[in-house]
There are 2 protein chains.
Amino acid sequence: MKIEDALRQRGGRMTMQRRLILDALARARHHTTADDIQRQLRAKGFEIDASTIYRNLEVLEGLGHVTHTHLDDRVTRWHRADEERHGHLVCTVCGAETEVPMAALRPLARRLMERYGFAADLAHAAVSGICEQCRVVQSS
Amino acid sequence: MKIEDALRQRGGRMTMQRRLILDALARARHHTTADDIQRQLRAKGFEIDASTIYRNLEVLEGLGHVTHTHLDDRVTRWHRADEERHGHLVCTVCGAETEVPMAALRPLARRLMERYGFAADLAHAAVSGICEQCRVVQSS
DNA sequence: GAAGATATCGCAACTCCCTGCAATAGCGCC
DNA sequence: GGCGCTATTGCAGGGAGTTGCGATATCTTC
């Protein structure tokens with residue numbers, strides 16, 4: 001297991017909780033929430049404290065095994081780092097989420113690098129705004 | 001007072017709490033937080049419930065009097081709508097915030113409109129990433 | 001295989017924000 | 001000016017996420 005080695009290399013330890021969380025992440029199709037993970041583990045009979053889950057997701061993010069993104073609500077979404085990265089458009093009126101390929105966002109990232117030396121992660125937070133349908137409804 | 005009229009026109013009422021919050025916003029230099037407002041009013045001897053502040057900020061946002069943005073922490077920042085709008089770059093390593101003019105973000109907004117019919121508000125959420133200094137430090 | 005160092009866990013408490021509900025207070029109208 | 005309608009308030013409670021701390025478990029070393 002690669003992650004296990006990476007962990008130990010940094011003086012970390014492989015605990016049962018960590019293993020279970022890793023397992024839940026591996027099983028997750030797309031993105032998960034901390035609550036999803038807790039619920040899933042609870043269903044299997046393991047009761048793991050929420051703070052343990054949050055702390056472990058942070059550690060796993062440090063190891064580059066997962067990343068997180070924020071849509072326009074207050075729930076953090078977690079993804080395995082091996083999934084293909086993409087941006088999100090979230091409609092503030094109807095809540096619709098649209099995925100957009102990173103390619104569409106890259107020109108801005110390039111510009112921000114050139115002008116500000118800033119390595120932007122445009123997949124980290126959703127872009128909020130108003131989707132086509134809602135715009136039509138509003139203006140009518 | 002324009003806002004007061006806009007409020008009443010929609011069947012709203014001008015309460016003492018509303019007036020105080022409006023006053024605090026007028027006094028705020030740049031951006032404020034709900035907590036700032038509560039603290040400021042408390043200092044003047046007015047104790048207003050936090051939920052009242054949140055609800056009022058929401059109402060005022062509906063009237064177009066204020067807007068809010070999310071930097072990369074969990075605290076919502078509120079601005080008067082008459083302030084000039086700008087984007088934010090937030091470094092996930094050192095926390096540094098850089099303001100960027102909307103002009104720098106507009107090409108992406110235009111692209112998202114053309115391709116997805118999505119009216120993006122690129123000032124709503126900060127762009128997170130790694131600033132120049134931190135990038136230099138990391139790679140050394 | 002046991003011991004020691006310390007990373008990690010669970011718990012409790014806290015922060016920011018949101019929501020339901022009963023009580024209150026603005027507003028429009030007579 | 002008083003009355004009734006109902007928007008708004010404060011309070012209590014809840015959800016997501018974070019933090020400090022003492023107890024525990026994992027890893028390293030002998």
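Here is how names work: the chains are called A, B, and so on, in the same order as the sequence lines, proteins then strands, and each is numbered from 1.
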Separation of atom CG in L20(A) from atom C1' in dG10(C), rounded to whole Å:
15 Å

Quickly work out the R13(B) CZ to dC5(D) C1' distance and round it to whole Å.
7 Å

Got a second to check how far T69(A)'s OG1 is from H31(A)'s NE2, nearest 0.5 Å?
7.0 Å

About how many Å separate CG of L22(B) and CD of E4(B), when rounded to the nearest 0.5 Å?
8.5 Å

Supply the atom-to-atom distance L122(B) CG to R85(B) CZ, rounded to the nearest 0.5 angstrom.
9.5 Å

Expected list for residues 46-74 of chain A near DNA chain D, using heavy atoms below 4.0 Å, is S51(A), Y54(A), R55(A), R74(A)

In whole Å, I'd like the distance from the CZ atom of R39(A) to the P atom of dA16(D).
8 Å

Whole-Å distance separating the CD atom of Q9(B) from the P atom of dG28(C):
11 Å

Comparing nearest nucleotides in DNA chain C, the 5'-proximal residue of the pair W78(B), Q17(A) is Q17(A)

R77(B) and D36(B) ion-paired at < 4.0 Å:
no

Without decimals, in angstroms, what is the distance between R10(A) CZ and dT26(D) C1'?
19 Å

How do R19(B) and M16(A) order along DNA chain C: which one's closest nucleotide is nearer the 5' end?
M16(A)

If you take any heavy atom closer than 4.0 Å to DNA chain C, which residues from residues 21-35 of chain B end up in contact?
none

To the nearest Å, how far apart are L7(B) CG and dA25(C) P?
19 Å

Whole-Å distance separating the CD atom of Q38(A) from the P atom of dC11(C)
11 Å

Would you say the side chains of D72(A) and H124(B) form a donor-acceptor pair under 3.5 Å?
yes

Hey, would you say the H70(B) and H70(A) ring centroids sit under 6.0 Å apart?
no

Expressed as a whole number of angstroms, how long is the span from L41(B):CG to dG10(D):C1'?
15 Å

Quick note, ring pair (Phe, Tyr, Trp, His ring centres under 6.0 Å) partners involving residues 84-103 of chain A, not counting sequence neighbours, are H30(A)-H86(A), H86(A)-H88(A)

Polar side chain donor-acceptor pair, D35(A) to T33(A), under 3.5 angstrom
no

Could you check whether any side-chain N or O of Q17(A) sits under 3.5 Å from a backbone N or O of I48(A), counting only pairs where one atom can act as donor and the other as acceptor?
no

